> 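Starting off with a structure, shown below.
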Amino acid sequence: VSRFEGITMAPPDPILGVSEAFKADTDEKKLNLGVGAYRTEELQPYVLKVVEKAENLMLERGENKEYLPIEGLAAFNKATAELLFGADNPVIKQQRVATVQSLSGTGSLRLAAALIERYFPGAKVLISSPTWGNHKNIFDDARVPWSEYRYYDPKTVGLDFEGMIADIKDAPEGSFILLHGCAHNPTGIDPNPEQWEKIANVIQKKNHIPFFDVAYQGFASGSLDADAGSVRLFAARGMELLVAQSYSKNLGLYAERIGAINVVCSTADAATRVKSQLKQLARLMYSNPPVHGAKIVANIVSDPALFNDWKAEMEMMAGRIKNVRQKLNDSLSAKDKSGKDWSFILKQIGMFSFTGLSKTQSENMTNKWHVYMTKDGRISLAGLNLAKCEYLADAIVDSYH
Ligand SMILES: Cc1[nH+]cc(COP(=O)(O)O)c(/C=N/[C@@H](CC(=O)O)C(=O)O)c1O
């Protein structure tokens with residue numbers, strides 16, 4: 001008998017497991033609205049043209065495969081912090097940001113969780129209810145206790161702002177508050193500027209530490225600067241904060257695993273010490289990060305023409321999703337005789353729509369209509385095209401009532 005007999009079968013991942021089930025489905029009507037990955041109108045994965053251009057330049061230049069430093073490619077770390085805060089931001093000028101390239105958003109969150117576990121014993125993280133399916137796994141594995149703050153209000157299909165503020169206020173002083181910088185996953189509902197101000201007030205008042213997860217900068221609104229607004233608002237108040245970044249969605253570098261963890265400290269000296277400890281933790285986890293994605297980002301951001309190409313493609317991707325939102329809303333309004341208001345589909349931002357479909361109804365979408373989505377009722381509009389909106393609307397109306 002095997003020595004590994006005691007290892008049981010793990011359940012499929014709530015998000016990535018949906019793609020596996022989709023692939024196994026042979027019905028040609030099938031739709032994959034599970035994983036948050038951009039697809040074209042032809043429902044094909046998309047390699048941004050600006051990425052191909054950057055890679056061709058890199059091939060011509062010839063790149064060695066030497067280890068990167070533990071903290072990653074210096075040119076990338078500079079570019080990623082400037083993209084997030086703006087090159088002329090005081091936190092950049094005063095060298096108060098500790099930036100470490102890591103394995104995309106997930107790796108950055110996990111590295112930050114290890115730092116919290118090691119240097120903030122007993123501190124807990126507050127995460128939104130609902131939130132991205134992997135947040136809880138990451139903090140559980142790092143043995144960082146978490147609890148939830150109210151976020152989604154099913155009655156209004158909007159933000160439960162009062163509940164959010166109350167829960168953040170009630171948290172033990174010095175808690176880490178995990179915030180989605182833009183394009184909240186899975187709800188697609190973001191606080192408005194006034195609400196961000198109030199969120200910053202309560203966090204400052206309670207001496208909490210803001211911890212942003214920025215996985216969609218530029219992808220939500222099409223503008224890199226607009227989507228960094230919440231982070232920059234908190235930084236402008238002189239708050240110390242953490243930000244995990246990802247280039248999976250906004251630059252389509254999903255499989256390159258390129259991202260970063262940024263820790264804004266009140267002094268440059270503290271930032272230096274924080275960076276040194278993040279390096280210790282990275283070394284024992286994966287030693288050093290992959291070079292290819294870092295060079296793509298650094299080459300694009302440092303070349304004005306490529307940078308402009310990227311901005312144009314981000315606007316194109318964000319625009320396609322907005323078109324799909326409009327068409328789906330129109331199809332639902334035309335087909336659903338119940339008078340239900342579907343306009344929340346237009347108000348939500350980013351690649352997801354939180355439909356309010358229950359677990360059972362979501363399962364009906366898959367079993368009867370071959371529409372693949374996560375069991376929390378989230379659909380990724382990035383996996384939808386105009387031609388399929390009618391079909392999806394039929395599936396939703398059938399499943400809803
Ligand atoms: C909010 C958020 N944060 C971090 C990540 C991590 O992505 P990375 O590729 O590690 O940078 C994702 C990915 N979200 C999509 C894919 C996934 O679940 O991994 C999703 O929600 O479908 C997020 O939606």
Side-chain angles (χ1 to χ4, degrees), residues 12-22 32-39 45 72 76 80 83-84 100-113 125 127-139 141-142 146 151-152 177-190 211-220 227-228 230-231 242-262 285-286 289-290 292-294 296-297 317 321 348-355 362 372-384:
D13 181 83
I15 294 175
L16 300 181
V18 172
S19 299
E20 289 164 26
F22 169 78
N32 187 4
L33 308 184
V35 69
Y38 182 82
R39 302 287 179 254
F76 166 78
T80 200
L83 268 181
L84 182 60
V100 171
Q101 176 192 335
S102 190
L103 308 183
S104 211
T106 303
S108 302
L109 288 159
R110 183 64 185 79
L111 194 54
V125 178
I127 58 182
S128 61
S129 168
T131 194
W132 175 48
N134 209 20
H135 277 149
K136 293 173 182 171
N137 299 335
I138 291 168
F139 293 111
D141 186 57
W146 53 266
Y151 193 83
Y152 176 69
I177 312 297
L178 188 62
L179 300 161
H180 298 231
C182 64
H184 184 270
N185 178 358
T187 66
I189 298 160
D190 286 353
F211 182 172
F212 284 92
D213 181 354
V214 176
Y216 298 92
Q217 184 184 358
F219 191 95
D227 288 351
S230 56
V231 172
L242 294 86
V243 191
Q245 289 175 284
S246 165
Y247 291 89
S248 291
K249 292 79 176 342
N250 59 3
L251 198 42
L253 297 180
Y254 303 91
E256 298 292 355
R257 313 310 297 139
I258 177 69
I261 179 66
N262 301 271
M285 257 187 230
Y286 53 82
H292 193 62
I296 292 173
V297 175
M317 291 193 287
I321 291 184
Q348 293 168 348
I349 187 166
M351 52 169 55
F352 304 112
S353 183
F354 206 50
T355 63
S362 301
Y372 289 79
M373 58 190 285
T374 47
K375 299 274 180 286
D376 58 3
R378 182 192 89 172
I379 55 173
S380 168
L381 297 164
L384 181 64

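Worth knowing before you read on, the calculation uses all heavy atoms, side chains too, and leaves out hydrogens, waters and symmetry mates. Since we're looking at a predicted model, the values are computed, not measured. Order of listing sets the numbers, starting from 1, for every ligand and every atom in it.
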> Using ring-ring contact (aromatic ring centres under 6.0 Å, His included) as the criterion, list what pairs up with Tyr254, not counting sequence neighbours.
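Tyr254 satisfies ring-ring contact (aromatic ring centres under 6.0 Å, His included) with no residue once adjacent residues are dropped.
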
> With heavy-atom distances below 4.5 Å as the criterion, would you say the side chains of Asp376 and Ser362 are in contact?
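No, their side chains stay 4.5 Å or more apart.
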
> I'd like to check the salt bridge (Lys or Arg N to Asp or Glu O under 4.0 Å) partners of Arg378; sequence neighbours left out, ordered by chain and number.
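Salt bridge (Lys or Arg N to Asp or Glu O under 4.0 Å) check on Arg378 returns nothing, list empty.
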
> Can you pull the residues with any heavy atom under 4.0 Å from ligand 1?
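Protein residues near ligand 1 are Ile15, Val35, Gly36, Ser104, Gly105, Thr106, Trp132, Asn185, Asp213, Ala215, Tyr216, Ser246, Ser248, Lys249, Arg257, Phe352, Arg378.
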
> With a 4.5 Å limit on heavy-atom distance, are the side chains of Leu84 and Phe212 in contact?
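SC-SC contact between Leu84 and Phe212 ruled out.
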
> Measure up the His184 and Tyr151 rings against each other and bin them: parallel (under 30°), tilted (30 to 60°), perpendicular (over 60°).
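If you compare the ring of His184 with that of Tyr151, the planes turn out parallel.
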
> Name all residues meeting the salt bridge (Lys or Arg N to Asp or Glu O under 4.0 Å) criterion together with Asp13; count only those two or more places apart in sequence or in a different chain, and write none if there are none.
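Asp13 satisfies salt bridge (Lys or Arg N to Asp or Glu O under 4.0 Å) with no residue once adjacent residues are dropped.
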
